[in-house]
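Here you go, one structure.
Naming convention: chains lettered A, B, ... in sequence-line order (proteins, then strands); numbering from 1 in each chain. Worth saying up front: this structure is predicted, and the values here are computed from it rather than measured.
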Number of protein chains: 2
Amino acid sequence: MIKELEIKLKQKGIRPTAMRLLVLEALSGQEAAVSLSDLEEVFEKSDRVTLYRTLKTFQENGLVHSIDDGTGAPKYALCEEGCECNIEQDLHVHFHCRMCRETFCLPKYKIPDIDLPGEFIPEEANLVVKGVCGKCSA
Amino acid sequence: MIKELEIKLKQKGIRPTAMRLLVLEALSGQEAAVSLSDLEEVFEKSDRVTLYRTLKTFQENGLVHSIDDGTGAPKYALCEEGCECNIEQDLHVHFHCRMCRETFCLPKYKIPDIDLPGEFIPEEANLVVKGVCGKCSA
DNA sequence: AAAAATCATGCACAGGAATTGCATTTATCA
DNA sequence: TGATAAATGCAATTCCTGTGCATGATTTTT
């Protein structure tokens, strides 16, 4: 259980400290993307900055990707198998629910290619659809 | 000149005060979207909060739309003729240059329709492409 | 196994930005 | 003109990212 998470970290070249295992475990149990503040509530005992740096480390090593859903605070979600979130073509769509304020990854929905005018050289893209999710519209 | 701006405000149901005329004039002369801080530099004498509320008023009355380009601060741009930025179908793409940090509206480029799973009810969408603009790549 | 070096963590604090409350001024309307 | 409503400016709050530095833990080297 914990062992699996430890392996996951090592595979990405991240030293498996207690803190990191806990954060990874918390992220694994989440369906929606979480913000730093969300995490802070889960780990009341820990320092905000440590969580901040933990997420940063995860991100730099391709374990999570961050989503800017327009709420002001970036959110983080575990990368799935084959989530090449650094490569332009593989960026997926995110959905932000205005009711529960949660943000979901839709890894199966890729951002369509936009054929921009020549003077614009694209490198990455971010598409957030906002609306109401299934739980909130029921 | 100023008269035109005044009419524009009145058409949208916004009382044409001096401040608002100045802000509208400043926005009209901009090719790229501007942030609150950008505006603040132009109007050094004025208060940040007033500018903030002016933009908010403009936005509520459909005179400008805001873009979240991921820089942390929302940017604002004048709506063009027929810019139905409240209506899902008409949302256009924005381009953010990582060199000059400017954000451009691409009104001719609409966000493609994403056929989401049924449980997600879309209401709006935001697509920001990041890269390098023509001026910076030359 | 001990010393040295590197890395992780926690605390304090700086800085930027959105946002609100309230008092004052300005404009509208009866 | 007097009453009412709206706009503005100032002060202050809150929230968040990010940095500096000291301490503790872990890895590496000798």
**OP:** Could you list all the salt bridge (charged side-chain N to carboxylate O under 4.0 Å, His left out) pairs where at least one residue sits in residues 10-20 of chain B, not counting sequence neighbours?
**Re:** B:E6-B:K10
Original post:
Which residues satisfy the ring pair (Phe, Tyr, Trp, His ring centres under 6.0 Å) test with B:F95, sequence neighbours excluded?
Top reply: A:F120
Subject >> Set of residues satisfying side-chain hydrogen bond (donor to acceptor under 3.5 Å, both in side chains) with respect to A:S66, sequence neighbours excluded >> reply: A:Q59
**OP:** To the nearest Å, give me how far apart CG (A:L55) and P (C:dT9) are.
**Re:** 12 Å
Polar pairs (N or O, both sides) under 3.5 Å between protein and nucleotides 22-27 of chain D?
none

Subject >> Non-neighbouring partners of B:E40 that pass salt bridge (Lys or Arg N to Asp or Glu O under 4.0 Å), sequence neighbours left out >> reply: B:R48
Subject >> Residue list, side-chain hydrogen bond (donor to acceptor under 3.5 Å, both in side chains) with B:D38, at least two apart or on another chain >> reply: B:S35
Original post:
Who pairs with A:H94 by ring pair (Phe, Tyr, Trp, His ring centres under 6.0 Å), at least two apart in sequence or on another chain?
Top reply: A:H65, A:H92
Report, one pair per line, the protein and nucleotides 12-16 of chain D atoms (nitrogen or oxygen only) whose separation is under 3.5 Å.
| residue | atom | partner | partner atom | Å |
| --- | --- | --- | --- | --- |
| D:dC16 | OP1 | A:S37 | OG | 3.2 |
| D:dC16 | OP2 | A:S37 | OG | 3.3 |

**OP:** Scan for ring-ring contact (aromatic ring centres under 6.0 Å, His included) pairs involving residues 39-64 of chain B, sequence neighbours excluded, and state none if there are none.
**Re:** none
Original post:
To the nearest Å, how far apart are B:E60 CD and D:dA6 P?
Top reply: 13 Å
Original post:
Do the side chain of B:N61 and the main chain of B:L63 share a donor and acceptor less than 3.5 angstrom apart?
Top reply: no
**OP:** Could you tell me the separation between the NZ atom of B:K75 and the P atom of C:dA18, rounded to a whole number of Å?
**Re:** 12 Å
Subject >> Rounded distance (Å) that lies between atom C1' of C:dA17 and atom CG of B:D47 >> reply: 14 Å
**OP:** Kindly point out which of D:dG9, D:dG18, C:dT20 is positioned nearest to the side chain of B:S46?
**Re:** D:dG9
Original post:
Which listed nucleotide (D:dT17, C:dG10, C:dC22) is nearest to the side chain of B:R53?
Top reply: C:dC22
Original post:
Of the nucleotides D:dT19, C:dT9, D:dA7, which has the atom closest to the B:R20 side chain?
Top reply: D:dA7
